[in-house]
Structure formats: structure tokens, C-alpha cells
Amino acid sequence: MTTVPQPTADTRWRCALCGNLTRFDVTRSSKVVEYVHLDLAGEPKVEEREVLSETIESVRCRWCNAVDQIELVDKPGVES
């Protein structure tokens, strides 16, 4: 499984095939610890969530369905 780099404060995703910068389907695997509070009726509510690890498995362009064409590019105004 190839992981996809996560955008930083200075970068964002771009589809190299169609140029999309705004719409992606992201598949991620996470390992989390949650504090779950059950009310008296038994309905659960997550009150705290700590992400122990997270891996982005794939990013798919919503415009053209490309999966292997997603790249990181600089955000506007950021110098390389």
C-alpha cells in the first residue's frame, strides 16, 4: 500500500490530470482512543478523541476519478 503525503501549512493537493484543487475523496486508516459517554438511555456520545496514528491510503479526484495523479503543490503566496 502506498501512502499519500498529507498537505502541510504551505502545500495542498492538486490533481495532475485535470488540475482540481478543491474536491477529493480521502481514504484513511486511523488508530484512535475515544472517551465514550453513554447516557441513561444507552446512547453513546464521543466526548474526547485522541488520534494515535493516521495514514492516508488514497486520494481520489472527485472531478476525473484519478487516483495515482494526486500531487502536493505550494499554496498561493508560498515561495518554493
**Request:** Check the pair C61 / L17 against side-chain contact (heavy atoms from CB on, under 4.5 Å), numbers first and verdict last.
**Result:** CA-CA 9 Å; C61 176; L17 195 61; over 6 Å; no

**Message:** Run the side-chain contact (heavy atoms from CB on, under 4.5 Å) test on E71 and W13 for me, step by step, so that the C-alpha distance in whole Å, both residues' side-chain angles and the decisive distance to 0.1 Å come before the verdict.
**Reply:** CA-CA 6 Å; E71 60 187 3; W13 284 321; over 6 Å; no

Quick one: pull up [atom1] in [X] and [atom2] in [Y] and give me the separation to the nearest 0.5 Å.
X: T11; Y: D74; atom1: OG1; atom2: CG; result: 7.5 Å
X: R28; Y: I56; atom1: CZ; atom2: CD1; result: 4.5 Å
X: K75; Y: L21; atom1: NZ; atom2: CG; result: 11.5 Å
X: T22; Y: R14; atom1: OG1; atom2: CZ; result: 12.0 Å
X: S30; Y: R49; atom1: OG; atom2: CZ; result: 5.5 Å
X: N20; Y: R60; atom1: CG; atom2: CZ; result: 11.0 Å

**Request:** Indicate the atoms forming the closest heavy-atom contact of L72 with P5, along with that distance.
**Result:** CD1-CB, 3.6 Å

**Request:** Treating Ile, Leu, Val, Met, Phe, Trp and Tyr as nodes and any side-chain heavy-atom pair under 4.5 angstrom as an edge, say whether V32 and V36 lie in one connected cluster.
**Result:** no

**Message:** Starting from F24, can I reach V67 by hopping between I/L/V/M/F/W/Y residues whose side chains sit under 4.5 Å apart?
**Reply:** no

**Request:** Decide yes or no on side-chain contact (heavy atoms from CB on, under 4.5 Å) for R12 and V73, but give the supporting numbers first.
**Result:** CA-CA 6 Å; R12 64 183 179 175; V73 295; 4.0 Å; yes

**Item:** D25 bridged to R62 by N-O distance under 4.0 Å
**Value:** yes

